[in-house]
Number of protein chains: 2
Amino acid sequence: MAKQTESSEKFKRSSCPVASTLDIIGDKWTLLVVRDLFAGKRTYSEFQGSPEKIPTNILAERLKRLAEYEIVVKKPYQHHPVRYEYLLTAKGKDLGPVLMTMVQWGEKHLPGTKAQIIPAKEAKP
Amino acid sequence: MAKQTESSEKFKRSSCPVASTLDIIGDKWTLLVVRDLFAGKRTYSEFQGSPEKIPTNILAERLKRLAEYEIVVKKPYQHHPVRYEYLLTAKGKDLGPVLMTMVQWGEKHLPGTKAQIIPAKEAKP
DNA sequence: TCGAGTAACTTGCAATTAACAAGTAAGTTG
DNA sequence: CAACTTACTTGTTAATTGCAAGTTACTCGA
(Lines give C-alpha, C1' and ligand atoms only; values in the text may rest on other atoms or scores of the structure.)
Protein backbone atom coordinates (compact mmCIF):
# COMPACT_ATOMS: atom_id res chain seq x y z
CA MET A 1 0.00 0.00 0.00
CA ALA A 2 3.03 2.22 -0.39
CA LYS A 3 2.36 5.45 -2.20
CA GLN A 4 4.87 6.47 -4.78
CA THR A 5 5.30 9.97 -3.43
CA GLU A 6 4.34 11.90 -0.37
CA SER A 7 2.62 14.56 -2.43
CA SER A 8 -0.66 14.26 -4.20
CA GLU A 9 1.12 13.60 -7.44
CA LYS A 10 -0.21 10.36 -8.78
CA PHE A 11 1.12 8.08 -11.41
CA LYS A 12 -0.08 8.70 -14.94
CA ARG A 13 0.31 6.33 -17.83
CA SER A 14 0.30 9.15 -20.33
CA SER A 15 -0.83 12.72 -20.79
CA CYS A 16 -4.05 11.59 -22.44
CA PRO A 17 -7.06 12.79 -20.46
CA VAL A 18 -8.90 9.53 -21.11
CA ALA A 19 -6.01 7.43 -19.83
CA SER A 20 -5.52 9.67 -16.80
CA THR A 21 -9.22 9.59 -16.02
CA LEU A 22 -9.18 5.82 -16.27
CA ASP A 23 -6.24 5.74 -13.86
CA ILE A 24 -8.67 7.15 -11.30
CA ILE A 25 -12.09 5.75 -12.15
CA GLY A 26 -11.17 2.91 -14.49
CA ASP A 27 -12.32 -0.10 -12.55
CA LYS A 28 -15.46 -2.05 -11.86
CA TRP A 29 -16.41 -0.40 -8.58
CA THR A 30 -15.36 3.24 -8.30
CA LEU A 31 -18.06 4.71 -10.51
CA LEU A 32 -20.70 2.63 -8.75
CA VAL A 33 -19.87 4.42 -5.53
CA VAL A 34 -20.07 7.73 -7.38
CA ARG A 35 -23.41 6.64 -8.82
CA ASP A 36 -24.67 5.93 -5.31
CA LEU A 37 -23.54 9.35 -4.19
CA PHE A 38 -25.50 10.90 -7.04
CA ALA A 39 -28.45 8.80 -5.93
CA GLY A 40 -28.30 10.44 -2.52
CA LYS A 41 -26.51 7.74 -0.57
CA ARG A 42 -24.03 9.08 1.91
CA THR A 43 -22.90 6.45 4.40
CA TYR A 44 -20.73 3.37 4.29
CA SER A 45 -23.63 1.07 5.08
CA GLU A 46 -25.80 2.69 2.43
CA PHE A 47 -23.13 1.92 -0.16
CA GLN A 48 -22.96 -1.62 1.10
CA GLY A 49 -26.68 -1.93 0.63
CA SER A 50 -26.50 -1.49 -3.15
CA PRO A 51 -27.53 -4.48 -5.23
CA GLU A 52 -24.03 -5.11 -6.62
CA LYS A 53 -22.79 -6.02 -3.13
CA ILE A 54 -19.39 -4.43 -3.14
CA PRO A 55 -16.88 -6.21 -0.85
CA THR A 56 -16.27 -4.16 2.28
CA ASN A 57 -12.50 -3.90 1.90
CA ILE A 58 -12.89 -2.66 -1.65
CA LEU A 59 -15.48 -0.13 -0.58
CA ALA A 60 -13.15 1.19 2.11
CA GLU A 61 -10.24 1.43 -0.29
CA ARG A 62 -12.24 3.13 -3.01
CA LEU A 63 -13.65 5.68 -0.61
CA LYS A 64 -10.15 6.44 0.56
CA ARG A 65 -8.95 6.83 -3.00
CA LEU A 66 -11.88 9.03 -3.95
CA ALA A 67 -11.09 11.24 -0.97
CA GLU A 68 -7.40 11.41 -1.96
CA TYR A 69 -8.42 12.55 -5.42
CA GLU A 70 -10.85 15.03 -3.90
CA ILE A 71 -13.82 13.52 -5.62
CA VAL A 72 -15.48 13.03 -2.25
CA VAL A 73 -15.02 14.45 1.22
CA LYS A 74 -15.47 12.42 4.37
CA LYS A 75 -16.93 14.17 7.36
CA PRO A 76 -18.52 13.11 10.60
CA TYR A 77 -22.14 14.07 10.76
CA GLN A 78 -22.62 13.05 14.37
CA HIS A 79 -20.39 12.43 17.38
CA HIS A 80 -20.86 10.02 20.26
CA PRO A 81 -21.41 7.25 18.00
CA VAL A 82 -19.19 8.93 15.48
CA ARG A 83 -20.73 8.42 12.08
CA TYR A 84 -19.32 9.55 8.80
CA GLU A 85 -20.86 10.74 5.61
CA TYR A 86 -19.27 11.01 2.22
CA LEU A 87 -20.18 13.88 -0.04
CA LEU A 88 -19.35 14.69 -3.63
CA THR A 89 -17.10 17.65 -4.20
CA ALA A 90 -17.49 19.90 -7.25
CA LYS A 91 -14.91 17.69 -8.96
CA GLY A 92 -17.00 14.65 -8.11
CA LYS A 93 -20.22 16.26 -9.31
CA ASP A 94 -18.49 16.92 -12.61
CA LEU A 95 -18.45 13.15 -13.13
CA GLY A 96 -22.22 13.36 -13.61
CA PRO A 97 -21.96 13.62 -17.42
CA VAL A 98 -19.73 10.54 -17.54
CA LEU A 99 -22.32 8.61 -15.59
CA MET A 100 -25.16 9.94 -17.71
CA THR A 101 -23.53 8.93 -20.98
CA MET A 102 -22.99 5.45 -19.54
CA VAL A 103 -26.65 5.28 -18.57
CA GLN A 104 -27.62 6.24 -22.09
CA TRP A 105 -25.29 3.70 -23.65
CA GLY A 106 -26.38 0.96 -21.29
CA GLU A 107 -30.08 1.59 -21.78
CA LYS A 108 -29.67 1.65 -25.53
CA HIS A 109 -27.40 -1.34 -25.96
CA LEU A 110 -27.74 -3.60 -22.95
CA PRO A 111 -31.13 -5.26 -22.78
CA GLY A 112 -32.61 -5.59 -19.35
CA THR A 113 -30.98 -2.55 -17.87
CA LYS A 114 -33.06 0.29 -16.57
CA ALA A 115 -32.04 3.42 -14.73
CA GLN A 116 -34.02 4.21 -11.69
CA ILE A 117 -35.59 7.57 -11.28
CA ILE A 118 -33.71 9.20 -8.51
CA PRO A 119 -36.15 10.80 -6.11
CA ALA A 120 -35.56 14.48 -5.43
CA LYS A 121 -33.42 14.73 -2.36
CA GLU A 122 -35.20 15.91 0.71
CA ALA A 123 -33.73 18.21 3.28
CA LYS A 124 -32.06 16.35 6.10
CA PRO A 125 -34.55 15.65 8.88
CA MET B 1 -11.60 -19.13 -19.80
CA ALA B 2 -14.88 -20.98 -19.41
CA LYS B 3 -17.87 -18.92 -20.34
CA GLN B 4 -20.86 -19.19 -18.12
CA THR B 5 -23.27 -19.93 -20.92
CA GLU B 6 -23.07 -20.95 -24.53
CA SER B 7 -25.14 -17.98 -25.62
CA SER B 8 -24.01 -14.39 -25.75
CA GLU B 9 -25.70 -13.74 -22.44
CA LYS B 10 -23.10 -12.30 -20.15
CA PHE B 11 -23.07 -12.02 -16.43
CA LYS B 12 -24.55 -8.88 -14.96
CA ARG B 13 -24.09 -7.69 -11.43
CA SER B 14 -27.40 -5.86 -11.46
CA SER B 15 -29.94 -4.33 -13.79
CA CYS B 16 -28.36 -0.90 -13.40
CA PRO B 17 -27.15 0.39 -16.76
CA VAL B 18 -24.06 1.91 -15.15
CA ALA B 19 -23.08 -1.37 -13.49
CA SER B 20 -23.76 -3.35 -16.66
CA THR B 21 -21.76 -0.90 -18.74
CA LEU B 22 -18.89 -1.17 -16.28
CA ASP B 23 -19.08 -4.96 -16.57
CA ILE B 24 -18.04 -4.43 -20.19
CA ILE B 25 -15.81 -1.37 -20.26
CA GLY B 26 -14.99 -0.99 -16.55
CA ASP B 27 -11.26 -1.54 -16.55
CA LYS B 28 -8.07 0.34 -17.20
CA TRP B 29 -7.53 -0.73 -20.82
CA THR B 30 -10.73 -1.36 -22.74
CA LEU B 31 -11.69 2.26 -23.29
CA LEU B 32 -8.15 3.08 -24.37
CA VAL B 33 -8.52 0.67 -27.25
CA VAL B 34 -11.85 2.29 -28.09
CA ARG B 35 -10.17 5.70 -27.91
CA ASP B 36 -7.53 4.50 -30.38
CA LEU B 37 -10.26 3.28 -32.71
CA PHE B 38 -11.86 6.71 -32.57
CA ALA B 39 -8.45 8.16 -33.33
CA GLY B 40 -8.35 6.16 -36.53
CA LYS B 41 -6.14 3.28 -35.45
CA ARG B 42 -7.18 -0.03 -36.85
CA THR B 43 -4.52 -2.69 -36.46
CA TYR B 44 -3.05 -4.65 -33.60
CA SER B 45 0.35 -3.06 -33.98
CA GLU B 46 -1.13 0.42 -34.10
CA PHE B 47 -2.81 -0.23 -30.77
CA GLN B 48 0.47 -1.48 -29.38
CA GLY B 49 2.11 1.73 -30.49
CA SER B 50 0.05 3.89 -28.15
CA PRO B 51 1.96 5.64 -25.39
CA GLU B 52 0.36 3.65 -22.58
CA LYS B 53 2.05 0.48 -23.85
CA ILE B 54 -0.68 -2.06 -23.33
CA PRO B 55 0.65 -5.60 -22.71
CA THR B 56 0.10 -7.75 -25.77
CA ASN B 57 -1.86 -10.49 -24.07
CA ILE B 58 -4.24 -7.93 -22.59
CA LEU B 59 -4.67 -6.25 -25.95
CA ALA B 60 -5.55 -9.57 -27.56
CA GLU B 61 -8.03 -10.42 -24.83
CA ARG B 62 -9.68 -7.02 -24.89
CA LEU B 63 -10.07 -7.09 -28.66
CA LYS B 64 -11.68 -10.49 -28.37
CA ARG B 65 -14.03 -9.25 -25.68
CA LEU B 66 -14.92 -6.13 -27.65
CA ALA B 67 -15.72 -8.32 -30.63
CA GLU B 68 -17.88 -10.61 -28.46
CA TYR B 69 -19.85 -7.62 -27.28
CA GLU B 70 -20.11 -6.36 -30.85
CA ILE B 71 -18.37 -3.12 -30.08
CA VAL B 72 -15.81 -3.88 -32.75
CA VAL B 73 -15.62 -6.21 -35.73
CA LYS B 74 -12.47 -7.94 -36.82
CA LYS B 75 -11.95 -8.39 -40.52
CA PRO B 76 -9.04 -9.17 -42.77
CA TYR B 77 -8.18 -6.27 -45.01
CA GLN B 78 -5.63 -8.18 -47.04
CA HIS B 79 -4.83 -11.81 -47.79
CA HIS B 80 -1.47 -13.45 -48.49
CA PRO B 81 -0.03 -11.92 -45.54
CA VAL B 82 -3.35 -12.04 -43.73
CA ARG B 83 -3.71 -8.80 -41.89
CA TYR B 84 -6.63 -7.83 -39.76
CA GLU B 85 -8.27 -4.58 -38.97
CA TYR B 86 -10.64 -3.79 -36.17
CA LEU B 87 -13.50 -1.40 -36.77
CA LEU B 88 -16.05 0.18 -34.49
CA THR B 89 -19.61 -0.96 -34.92
CA ALA B 90 -22.54 1.41 -34.40
CA LYS B 91 -22.64 0.17 -30.82
CA GLY B 92 -18.98 1.00 -30.45
CA LYS B 93 -19.38 4.44 -32.01
CA ASP B 94 -22.08 5.13 -29.45
CA LEU B 95 -19.34 5.04 -26.81
CA GLY B 96 -18.08 8.32 -28.24
CA PRO B 97 -20.04 10.45 -25.76
CA VAL B 98 -18.63 8.44 -22.83
CA LEU B 99 -15.14 9.12 -24.10
CA MET B 100 -15.89 12.77 -24.72
CA THR B 101 -17.20 13.36 -21.20
CA MET B 102 -14.06 11.70 -19.84
CA VAL B 103 -11.91 14.00 -21.97
CA GLN B 104 -13.78 16.98 -20.62
CA TRP B 105 -13.46 15.83 -17.02
CA GLY B 106 -9.81 15.00 -17.42
CA GLU B 107 -8.92 18.26 -19.07
CA LYS B 108 -10.76 20.22 -16.42
CA HIS B 109 -9.56 18.37 -13.35
CA LEU B 110 -6.33 16.59 -14.14
CA PRO B 111 -3.49 19.01 -14.71
CA GLY B 112 -1.09 18.09 -17.46
CA THR B 113 -3.56 16.18 -19.56
CA LYS B 114 -4.32 17.33 -23.04
CA ALA B 115 -6.42 15.75 -25.73
CA GLN B 116 -4.79 15.57 -29.09
CA ILE B 117 -6.45 16.91 -32.13
CA ILE B 118 -7.21 13.91 -34.21
CA PRO B 119 -5.96 14.49 -37.75
CA ALA B 120 -8.44 13.92 -40.53
CA LYS B 121 -8.07 10.35 -41.67
CA GLU B 122 -6.22 9.92 -44.91
CA ALA B 123 -6.98 7.32 -47.51
CA LYS B 124 -5.12 4.08 -47.06
CA PRO B 125 -1.74 4.22 -48.76
C1' DT C 1 -24.63 -3.78 34.14
C1' DC C 2 -24.76 -7.46 30.88
C1' DG C 3 -25.63 -8.95 26.38
C1' DA C 4 -27.04 -8.09 21.85
C1' DG C 5 -26.91 -4.87 18.09
C1' DT C 6 -25.14 -1.49 14.68
C1' DA C 7 -21.81 1.35 11.90
C1' DA C 8 -17.60 1.54 9.98
C1' DC C 9 -13.94 -0.53 9.15
C1' DT C 10 -9.52 -4.02 9.20
C1' DT C 11 -7.24 -8.41 8.58
C1' DG C 12 -6.12 -12.83 6.50
C1' DC C 13 -6.03 -15.73 2.77
C1' DA C 14 -7.48 -18.06 -1.55
C1' DA C 15 -8.55 -17.10 -6.18
C1' DT C 16 -8.55 -14.30 -10.11
C1' DT C 17 -6.22 -10.96 -13.18
C1' DA C 18 -2.49 -8.29 -14.82
C1' DA C 19 2.21 -7.57 -16.22
C1' DC C 20 6.40 -8.89 -18.34
C1' DA C 21 9.26 -11.68 -21.21
C1' DA C 22 9.68 -14.92 -24.55
C1' DG C 23 8.12 -17.81 -28.17
C1' DT C 24 5.33 -19.06 -32.45
C1' DA C 25 3.25 -19.02 -37.29
C1' DA C 26 2.64 -17.18 -41.70
C1' DG C 27 4.36 -14.63 -45.08
C1' DT C 28 7.52 -11.04 -47.22
C1' DT C 29 11.79 -8.72 -48.41
C1' DG C 30 16.89 -8.31 -49.35
C1' DC D 1 17.62 -18.57 -47.30
C1' DA D 2 18.17 -15.51 -43.40
C1' DA D 3 16.20 -11.64 -41.38
C1' DC D 4 12.06 -9.07 -40.64
C1' DT D 5 7.15 -8.05 -39.71
C1' DT D 6 2.41 -8.76 -37.98
C1' DA D 7 -0.48 -10.80 -34.98
C1' DC D 8 -0.75 -13.34 -31.63
C1' DT D 9 0.11 -17.28 -27.59
C1' DT D 10 2.35 -19.21 -23.62
C1' DG D 11 4.61 -19.27 -19.18
C1' DT D 12 5.70 -17.19 -14.94
C1' DT D 13 5.60 -13.85 -11.44
C1' DA D 14 3.31 -9.95 -9.21
C1' DA D 15 -0.68 -7.44 -7.89
C1' DT D 16 -5.52 -7.06 -7.06
C1' DT D 17 -10.04 -9.04 -5.84
C1' DG D 18 -13.36 -11.41 -3.31
C1' DC D 19 -14.97 -13.58 0.74
C1' DA D 20 -15.22 -14.47 5.61
C1' DA D 21 -14.26 -13.21 9.96
C1' DG D 22 -12.70 -10.07 13.40
C1' DT D 23 -12.35 -5.29 15.64
C1' DT D 24 -13.68 -0.88 17.81
C1' DA D 25 -16.74 2.26 19.61
C1' DC D 26 -20.87 3.21 21.06
C1' DT D 27 -26.28 2.47 21.96
C1' DC D 28 -30.24 0.26 23.76
C1' DG D 29 -33.19 -2.82 26.22
C1' DA D 30 -33.85 -6.20 30.14
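Naming: A, B, ... by sequence-line order, numbering from 1 per chain.
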Side-chain donor-acceptor pair under 3.5 Å between B:S20 and B:D23, yes or no?
no

Any side-chain donor paired with an acceptor under 3.5 Å for A:Q48 and A:S45?
no

Nearest-nucleotide check on DNA chain D, B:V82 vs A:R62; residue mapping nearer the 5' end is B:V82

DNA chain D nearest-nucleotide lookup for A:D27 and A:H80: closer to the 5′ end is A:D27

Does any N or O in the side chain of A:Y86 come within less than 3.5 Å of the main-chain N or O of A:A67, such that one atom is a donor and the other an acceptor?
no

Look at the side chain of [X] and decide which nucleotide, out of [options], has an atom nearest to it.
X: A:R83; options: C:dG12, C:dT6, C:dC9; value: C:dT6
X: A:Y84; options: C:dA8, C:dG27, D:dT17; value: C:dA8
X: B:T43; options: C:dC9, C:dA19, D:dA7; value: D:dA7
X: A:Y77; options: D:dG18, C:dA8, C:dA19; value: C:dA8
X: A:K74; options: C:dC9, C:dA18, D:dT27; value: C:dC9

For [N], take OP1 and OP2 only and decide whether either is under 4.0 Å from a side-chain N or O of [X].
X: A:R13; N: C:dA19; result: no
X: B:Y86; N: D:dC8; result: yes
X: A:W29; N: D:dG18; result: yes
X: A:K28; N: D:dT16; result: no

May I ask you to verify whether the side chain of B:S45 and the base of D:dT5 hold a donor-acceptor pair under 3.5 Å?
no

Determine whether any donor atom in the side chain of A:T56 lies under 3.5 Å from an acceptor atom in the base of C:dT10, or the reverse, and answer yes or no.
yes

Whole-Å gap separating [atom2] ([N]) and [atom1] ([X]):
X: A:I58; N: D:dT17; atom1: CD1; atom2: P; answer: 5 Å
X: B:Q78; N: C:dA26; atom1: CD; atom2: C1'; answer: 12 Å
X: A:N57; N: C:dA15; atom1: CG; atom2: P; answer: 16 Å
X: B:I54; N: D:dA7; atom1: CD1; atom2: C1'; answer: 14 Å
X: B:E85; N: D:dC8; atom1: CD; atom2: P; answer: 12 Å
X: A:Y44; N: D:dT23; atom1: OH; atom2: C1'; answer: 13 Å
X: B:E61; N: C:dA18; atom1: CD; atom2: C1'; answer: 9 Å
X: A:L32; N: D:dT17; atom1: CG; atom2: C1'; answer: 15 Å

Kindly work out whether a path of hydrophobic side-chain contacts (I/L/V/M/F/W/Y, heavy atoms less than 4.5 Å apart) joins B:F38 to B:L63.
yes

Would you say NZ of B:K75 has more than 12 non-hydrogen atoms from neighbouring residues, nucleotides or ligands within 6.0 angstrom?
no

Cation-pi, A:F47 ring and A:K41 (6.0 angstrom, 45 degrees):
no

